[in-house]
Amino acid sequence: MKNSPDQILHKENVKLLKILQNLPLGLSIEDGNSLFFNKALVEMIGYTPEEVPDEETWYQKVYPDESYREFVKKEWKEKVLNSHKNSHKSQPIQTKVLCKDGTFKIIESIYQNVENEFITLYKDVTEQYKTEEKLKEINKKISYQNQELVSSKIQIQNSERKLIEAQKASKTGNWETDLETLQVIWSAETYAIFELDAATFSPTHQSFLKFVHPDDKEMVDNAFIKSFESKTYNSIEHRIITSKGNTKYVEERWKVSFDFEGKPKLVFGTCQDITERKLIELELIETRLKVEENEHRLKLAVSAANLGVWEGFIEEKLMIFDDKMFEIYGIEKINNNFHYDDWKKILHPEDKERAVFESYLILENNEPFNSTFRIIKSDGQVAHIKSDAIVIKDENGNPQRIIGVNRDITEIIRSENVLKENELKYRTLFESSDDAILLLKDNRWVDCNESAIKLFGSSRAQLLSKNLFSYFPKYQPDGTPSKEGALQKIALSSGGSSQHFEWVHCKENGTMFTTDVRLNQLEIEGEKYIQVILRDISEAKILENKLNEFRYFFEKSNDLLAVTDVDGYFEYVNACFQNTLEYTEEELRQKEYDEIFVPEFIDDARKKAVDLRSGIALENYSAKMLKKNGESIWVEWNVFINEFSGKFYAIGRDISEWKKHEEALALASLIVNSSHDAIMSISIDNKIISWNKGAEKMFGYQKEEIIGKSIFQLIPENIRTEQFEISEKITSNGLLDYYETQRIRKDGKIIDVSLTVSPILDESGKLIATSKIMRNITSQKNIEKEKKQIVNDLIQRNRDLEQFTNIISHNLRAPVANIIGINDYMMQKDISEDKKHALDNAMNQSVLTLDNVIRDLTLILQVRRDINEQKTDVSFYDLVDKIKTSISNEIIDKNVQILVDFSQIDTMTTIKSYLYSIFFNLISNSIKYRQADKIPVIEIKSEKVASKIILKFKDNGLGFDNVKSGNQVFGLYKRFHKHVEGKGMGLFMVKSQVESLGGKISVTSELNVGTEFTIEFNL
């Protein structure tokens, strides 16, 4: 059974509810009568609609602070008013919300009024807010620290600028390794870094390791293998020896992707040539050492709050600490002395060997000391120490003592690590974001991610070569000029006000699409930019419109809709449900679902509920329900369970009237299927939609074979137009009472049927189908045909008998009269012998003539009698070949040309001897009555016209006067050319045989031009 429009609508409504429930954003819908929270909103704030049933309760619970609550109310009021005025979504608002579990969250809300329903979307931006606050705090710390270092960094800013320029100019390639296929892909820049030709070199992990510097190979390989345990980005710096023997420094950054089972699947990374940067760093170190000597001397003269100063005496291995040094190292001060060996004891085990080694290098290399290391304080805390020192020499240049400073850089290290991690994370987000992200400066794009390129259907070069107005239509949907509106938004964003709005853009090919746009001002290296984040919401806009349409239909449904909790108690019922069962919604909420079932259906309904919880769907379940007044009605239910909430969603339809009709239809169906006549229904597009047992028996098709097929499958091709004529009669007259026609059975057999057609109308009187009753009248038709054939045969035989009588009367009269006359004369006594002899000869001649006539009449009777000979398939080509063979001498002697064309049809089912005789007589006549001065040409051709076979015999012989003699040509003993030997029986025999085969023959002729015989047979 096909779903009705209401059922289809209901299913779509259910889909809508599922979509709303499973939206990733929080959603609330208020229509004045009910409040809906989706699953994401309940999980976000912890409250259900029942706990915050109205607006005031909501404000009291989620905004406990009165002053903040009033502030939020005022903000919301302004947003809502603006939304109503402009018929758009409200601008987003972020508020601090108290959740049910006592925690606070930062929630971003957007309001929209749709069809008198108040729709609000909620997004939890707490983590984003915390991250932003944390970044602000870090930026403050970094700013403070940078201010401390400004004076010391002035001297090395030129070198740092060189380093920045070198970083910008550095080349970076990318690579990818498929861990399942071990396929490795390098970008062109990666090949260039390794100085390899992509056409001749196929990269693998092992071939990559061959180019790693031998001293770094184990480190690189171990780092790569260890990264399979990490789900964050990995990085390493190492050396390579290129294919041309050049040594380079490279920085590798990569991340491992895992499949749903947690197995490593893909590795994607970058390789950056940092050789120039490394060389610059070495240069900076050298420059920094020179500058830092003066910097340290300056700081020793000034009490630096965060620097500890120490002085070391080389021979004594004694260090003199100031108070700050004891504070940094977490050591209780006894005196200022601190032995070198005691310093080594508090070094972190992982840094101890390196730090001690570096402390000896300062003496060996006679260069300033600059190192960082970790120490373990007495309380177990680990601190990062930056140590700078210089050697003070005596007048002979020998090292005498060391002066240095230490600084606790633990917080700086932590901040740097966080910054690096954030930088990597945000750069990754920029490149991997599904949203298009672009940087705008002076109304031109200066940077974009891959998603932006895909969004605009452009290339990076095309996108960055144009201004942003190139990708706007002239006007926005609301009539605003695009350029003017965009400049206003940019101006607001440049003033520090972040913008969020919808905008129509154009792709490179001109296709328009709707986007969600966010504008924020950024400052990068002192330059101000506008960050533009675009999201294609074209499909979302279409979905939004569809959701509104579905919700309208959902609210207007004529089906019984209900939602029950996990225990089966009603939570929500629609108006149709209440009106049908005559309960109010409050009354139904006090009831469990089985309380409205008629008692005999309760147990079954409970079993169905158990089945539902087991995953067995409940579809088209019919049961009797109790109305409030005690009456019962039939309702057909479709129920499903929400696997997340455990709630039941039920759709019902009152089928009481249908049940009554069903019983009547069952009786009618029994009658229809008991009929021997074929009874069927045909849709207005000529498809068979019902088929009874009588139809199966009559046509040979089972119901499953024919339902849905075209009615033309049962109609012979040559009369299919009658179906359209019948349809017109039904449309105009309403009924076709009796009509005789033909139909085709499954086995291809044509049967005669009588047809009665009635219209099937819907409630409005519109024709939706037709009902046909067919009766097989083939036997009746055959009897009628036999009767007609018998009558025709009797008429023909009567005509033949009359003709035969005339023939006998005409042809026997002369010889019989001669015999009688001669006999009378011979009875005279005075006849001489000569006279008597002459009379004997005349008597013999008359008897011979009489015998020939009797023989000819016997032959004619024989033709009439042999009609019962068995019919076979006869080939026209075979007949002509056999005749040509039998009279081959005559054909050669007379130089006869016989031309045949049986291309349209070359075979017929008939009495072979008759057809042979017809062909033979017509060919023989054409040869016999040829013109002496012309080459005899005989043309024989077959044609198929409708249900007839046409045979034509044409020659260029003597011919005859068709007007004068046409009616006599087929008469017995009729001859038109006396100079040719013959009896005048051939054409008479041909006509007799053609008519015996159910055909007819005609002739046209012109004297001294030729003759054409035309024979027609029914197929």
Side-chain angles (χ1 to χ4, degrees), residues 792-816 848-869 879 883 886-887 890 910-930 938 940 950-955 957-1007 1010-1017:
N792 290 337
D793 287 348
L794 288 173
I795 293 172
Q796 184 62 42
R797 288 181 182 274
N798 188 53
R799 289 173 181 168
D800 292 345
L801 183 60
E802 183 179 350
Q803 184 182 16
F804 190 69
T805 302
N806 292 333
I807 291 171
I808 292 173
S809 174
H810 179 272
N811 293 349
L812 292 183
R813 185 181 298 125
V816 169
L848 182 60
T849 299
L850 179 61
D851 181 61
N852 286 337
V853 170
I854 292 171
R855 286 178 180 274
D856 289 342
L857 294 176
T858 302
L859 179 60
I860 293 170
L861 291 174
Q862 183 67 33
V863 169
R864 301 294 185 187
R865 194 165 50 247
D866 289 345
I867 192 65
N868 292 325
E869 181 182 333
L879 285 182
I883 292 170
S886 66
I887 58 172
E890 189 174 7
T910 186
I911 299 174
K912 185 174 183 180
S913 61
Y914 275 27
L915 196 59
Y916 180 88
S917 175
I918 294 167
F919 271 60
F920 185 86
N921 277 306
L922 293 176
I923 293 172
S924 298
N925 268 9
S926 294
I927 296 172
K928 184 184 295 184
Y929 298 105
R930 69 190 180 280
I938 304 171
I940 310 173
I950 310 296
L951 294 172
K952 293 184 178 182
F953 294 78
K954 184 178 181 181
D955 62 42
L958 294 170
F960 58 87
D961 188 339
N962 194 63
V963 177
K964 183 178 180 181
S965 307
N967 294 332
Q968 303 175 30
V969 69
F970 295 109
L972 186 62
Y973 303 132
K974 297 296 181 180
R975 300 176 66 237
F976 305 105
H977 300 285
K978 303 298 183 180
H979 69 283
V980 178
E981 182 182 354
K983 297 172 63 178
M985 280 191 64
L987 291 180
F988 178 82
M989 293 294 293
V990 168
K991 184 174 185 296
S992 297
Q993 289 173 323
V994 169
E995 290 176 348
S996 296
L997 296 177
K1000 59 182 180 179
I1001 185 168
S1002 61
V1003 62
T1004 59
S1005 184
E1006 186 176 349
L1007 198 62
T1011 303
E1012 182 175 9
F1013 291 92
T1014 301
I1015 303 172
E1016 292 184 14
F1017 292 114

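- Between Ser1002 and Phe1013, the closest side-chain pair of non-hydrogen atoms is not below 4.5 Å.
- Atom-to-atom distance recorded for Lys954:NZ and Thr1004:OG1 is 8.5 Å, nearest 0.5 angstrom.
- Heavy atoms only, all atoms of each residue included: Ile927 and Glu890 are closest at CG2-OE2, 3.5 Å.
- No side-chain donor-acceptor contact under 3.5 Å links Thr1014 to the backbone of Lys952.
- To the nearest 0.5 Å, atom CZ of residue Arg930 and atom CD1 of residue Ile938 are 10.0 Å apart.
- Contact of the Ser924 side chain with the Tyr929 side chain is not registered, since no non-hydrogen atoms from C-beta on lie closer than 4.5 Å.
- Atom OH of Tyr914 is separated from atom CE of Met989 by 8.0 Å, given to the nearest 0.5 angstrom.
- Atoms OG1 and CD, on Thr910 and Gln993 in that order, are 10.0 Å from each other to the nearest 0.5 Å.
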Test log, rule ring-ring contact (aromatic ring centres under 6.0 Å, His included), inputs Phe919 and Phe953 | CA-CA 9 Å; Phe919 271 60; Phe953 294 78; 4.9 Å; yes

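- Residues Val994 and Ile1001 share a closest heavy-atom pair of CG1-N, 4.1 Å.
- Of all non-hydrogen atoms in Ser1005 and Phe960, the two that sit nearest each other are OG-N, 2.9 Å.
- Here CG of Leu879 is found 10.0 Å from CD1 of Ile918. Values are rounded to the nearest 0.5 Å.
- In plain terms, the two heavy atoms of Glu1016 and Ile950 that are nearest each other are CG-CD1, 3.3 Å.
- Counting only distance, with no hydrogens or angles, the side chain of Asp955 and the backbone of Ser926 share no donor-acceptor pair below 3.5 Å.
- Remark: the backbone N or O of Ser913 is not paired with any side-chain donor or acceptor of Ser917 at under 3.5 angstrom.
- No side-chain heavy atom of Leu951 sits under 4.5 Å from any side-chain heavy atom of Ile940.
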